[in-house]
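Down below is the structure, laid out as structure tokens.
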Amino acid sequence: MALKILVFLGSVRTSSPPSPARLGERVARCCMAKLEESGHEAVLIDPLNYDLSDPFKPLFSYAQRNAPQDLLTLAQEIESADGYVVVSPEYNHSMSPALANLLNHFGSSLYSYKPSVIATYSAGQWGGVRAAVNMRTFLSELGCLPVSAMIHVPRAQDVLDEDGSYTETQDAQKWSGYLERAFEQLAWWANAAKRYHESEEGEKRPGAFTRSPSQRNAPE
């Protein structure tokens with residue numbers, strides 16, 4: 001079944017280092033190409049294309065009539081998606097601040113009960129793997145639980161060209177199989193969730209907080 005998958009690019013940096021700039025865009029485009037090859041609709045969510053509120057103010061803090069159009073547009077994309085690929089570099093063993101800022105503008109009611117894939121990268125040898133540990137708890141809290149397979153791209157500047165294709169030095173078939181494992185898991189869970197959402201039972205979804213995190217609090 002064809003799915004709509006959002007690929008979140010967790011970077012707003014346009015300058016070096018690392019060199020070349022915007023390595024994450026290469027990883028995101030590589031992921032999109034693989035998803036489209038499998039027949040899915042892949043939508044890039046690049047924070048540079050949206051005017052996010054500054055200082056930080058999430059969508060659910062606005063009255064509907066006063067919400068910025070870019071936040072409303074992103075909310076519609078998130079709600080209409082069947083799953084997510086979340087691409088991040090590593091900052092101090094954690095996900096990028098730009099990615100956290102982007103995702104935190106929306107409550108878990110938009111993400112919930114849909115799967116996600118963690119994809120990290122670096123200009124060095126580790127591929128952002130330590131950020132992935134932090135991302136598992138973050139995405140689980142949003143309700144879009146990560147599948148077990150992850151994608152890590154060390155030395156991304158040597159692996160991928162600007163358009164997201166593999167460089168001549170790489171074994172494209174091995175890389176394709178590596179990504180495919182994660183995306184097959186994503187598709188399996190997304191299809192299962194989609195069928196359930198569309199069933200009569202799926203309409204009775206447990207609630208996720210829509211206005212305030214205090215809705216999770218234990219009774220006093």
Side-chain angles (χ1 to χ4, degrees), residues 1-11 18 20-47 77-78 81-91 94-96 98-99 102-103 111 114-140 142 144-194:
M1 186 186 300
L3 302 164
K4 178 179 179 180
I5 307 297
L6 301 192
V7 180
F8 288 101
L9 173 53
S11 176
R22 299 223 90 194
L23 284 178
E25 188 173 3
R26 300 183 182 205
V27 178
R29 294 200 178 281
C30 180
C31 289
M32 291 179 67
K34 185 62 183 175
L35 288 165
E36 290 167 352
E37 179 185 309
S38 300
H40 304 303
E41 178 190 359
V43 180
L44 178 65
I45 305 298
D46 185 341
E77 290 281 25
I78 293 168
D82 299 305
Y84 313 100
V85 177
V86 187
V87 179
S88 180
E90 181 179 323
Y91 280 70
S94 299
M95 63 195 291
S96 74
L99 179 60
L102 172 63
L103 298 177
Y111 301 98
K114 301 170 188 176
S116 59
V117 163
I118 293 170
T120 63
Y121 65 92
S122 69
Q125 64 181 327
W126 303 114
V129 293
R130 293 167 295 195
V133 176
N134 161 260
M135 291 169 71
R136 279 201 176 280
T137 56
F138 186 96
L139 294 171
S140 296
L142 287 180
C144 51
L145 275 65
V147 300
S148 62
M150 295 186 286
I151 297 168
H152 308 299
V153 188
R155 299 184 178 90
Q157 70 279 7
D158 298 327
V159 175
L160 299 168
D161 283 324
E162 288 185 21
D163 63 357
S165 60
Y166 301 111
T167 62
E168 293 180 356
T169 63
Q170 302 300 306
D171 187 327
Q173 187 173 357
K174 285 185 177 179
W175 274 107
S176 180
Y178 176 59
L179 268 64
E180 187 172 5
R181 178 172 177 265
F183 293 152
E184 282 183 343
Q185 290 187 9
L186 179 71
W188 194 97
W189 283 109
N191 276 312
K194 187 173 184 176

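Keep in mind that what you see is a predicted model, and the values were worked out from it rather than measured.
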Item to check | Expected output: side-chain His40 to main-chain Leu3 donor-acceptor under 3.5 Å | outcome: yes
Checklist entry - Ion pair present between Asp46 and Arg22, side-chain N to carboxylate O less than 4.0 angstrom? => result yes
Checklist entry - Quick one: does Ser140's side chain have a donor or acceptor within less than 3.5 Å of a partner on Arg136's backbone? => result yes
Please tabulate, one pair per line, all N/O donor-acceptor pairs under 3.5 Å involving side-chain atoms of residues 147-156, not counting sequence neighbours.
unit_1: Ser148; atom_1: OG; unit_2: Gln185; atom_2: OE1; d: 3.1
unit_1: Ser148; atom_1: OG; unit_2: Gln185; atom_2: NE2; d: 3.4
unit_1: His152; atom_1: ND1; unit_2: Thr120; atom_2: OG1; d: 2.8

Checklist entry - Between atom OG of Ser38 and atom CD of Glu180, what is the distance when rounded to the nearest 0.5 Å? => result 6.0 Å
Checklist entry - Which residues pass the side-chain hydrogen bond (donor to acceptor under 3.5 Å, both in side chains) test with Glu77, sequence neighbours left out? => result Lys4
Next on the checklist: Set out, in order, the CA-CA distance, both residues' side-chain angles and the distance that settles side-chain contact (heavy atoms from CB on, under 4.5 Å) for Asp163 and Arg29, then state yes or no.
Outcome noted: CA-CA 7 Å; Asp163 63 357; Arg29 294 200 178 281; 5.6 Å; no
Next on the checklist: Counting neighbours of CD on Glu36 that are heavy atoms of other residues, nucleotides or ligands and sit closer than 6.0 Å, is the number greater than 12?
Outcome noted: yes
Checklist entry - Which pair of heavy atoms, one from Leu160 and one from Cys30, lies closest together, and at what distance? => result CD2-SG, 3.8 Å
Next on the checklist: Please evaluate residues Tyr121 and Val87 with respect to the criterion side-chain contact (heavy atoms from CB on, under 4.5 Å), reporting the C-alpha separation (whole Å), side-chain torsions for both, the decisive distance (0.1 Å), and the verdict.
Outcome noted: CA-CA 8 Å; Tyr121 65 92; Val87 179; 3.8 Å; yes
Checklist entry - What's the spacing between Met95 CE and Phe138 CZ if we round to 0.5 Å? => result 4.5 Å
Checklist entry - Taking Ser96 for the side chain and Ser11 for the main chain, is one N or O donor matched with an acceptor at less than 3.5 Å? => result no
Item to check | Chi angles and distances behind the side-chain contact (heavy atoms from CB on, under 4.5 Å) call for Tyr111, Ile78 | outcome: CA-CA 7 Å; Tyr111 301 98; Ile78 293 168; 3.7 Å; yes
Checklist outcome for this item: d(Cys31 SG, Ile5 CD1) to nearest 0.5 Å is 11.5 Å
Checklist entry - CG/Leu103 to CG/Leu139 distance, rounded to the nearest 0.5 angstrom? => result 7.0 Å
Checklist entry - Which atom names give the shortest non-hydrogen contact between Met32 and Ala42, and what distance separates them? => result CE-O, 3.4 Å
Checklist entry - Between Asp161 and Gly164, is there a donor-acceptor pair closer than 3.5 Å when you use the side chain of the first and the backbone of the second? => result no
Checklist entry - Short question: side chain of Lys114, backbone of Ala81 - any donor-acceptor pair under 3.5 Å? => result yes
Checklist outcome for this item: Lys194 and Ala2 have their tightest heavy-atom pair at NZ-O, 3.9 Å
Next on the checklist: Tell me whether the count of non-hydrogen atoms from other residues, nucleotides or ligands lying under 6.0 Å of CD in Gln125 goes above 12.
Outcome noted: yes
Item to check | Interatomic distance, Leu99 atom CG to Ile45 atom CD1 [nearest 0.5 angstrom] | outcome: 12.0 Å
Item to check | Considering all heavy atoms, the nearest Ala190-Pro115 contact | outcome: N-CG, 3.5 Å
Item to check | Derivation of the side-chain contact (heavy atoms from CB on, under 4.5 Å) call for Val86 and Ile118 | outcome: CA-CA 5 Å; Val86 187; Ile118 293 170; 5.6 Å; no
Next on the checklist: Taking Cys144's backbone N and O only, do any of them form a donor-acceptor pair with Ser116's side chain (distance below 3.5 Å, no angle check)?
Outcome noted: yes
Next on the checklist: Counting C-beta onward and ignoring hydrogens, is there a side-chain heavy-atom pair between Tyr84 and Val117 closer than 4.5 Å?
Outcome noted: no
Next on the checklist: Quick one: does any side-chain atom of Thr167 pair with a main-chain N or O of Asp158 as donor and acceptor, under 3.5 Å?
Outcome noted: yes
Checklist entry - Does a donor on one side chain and an acceptor on the other come within less than 3.5 Å for Glu90 and Trp126? => result no
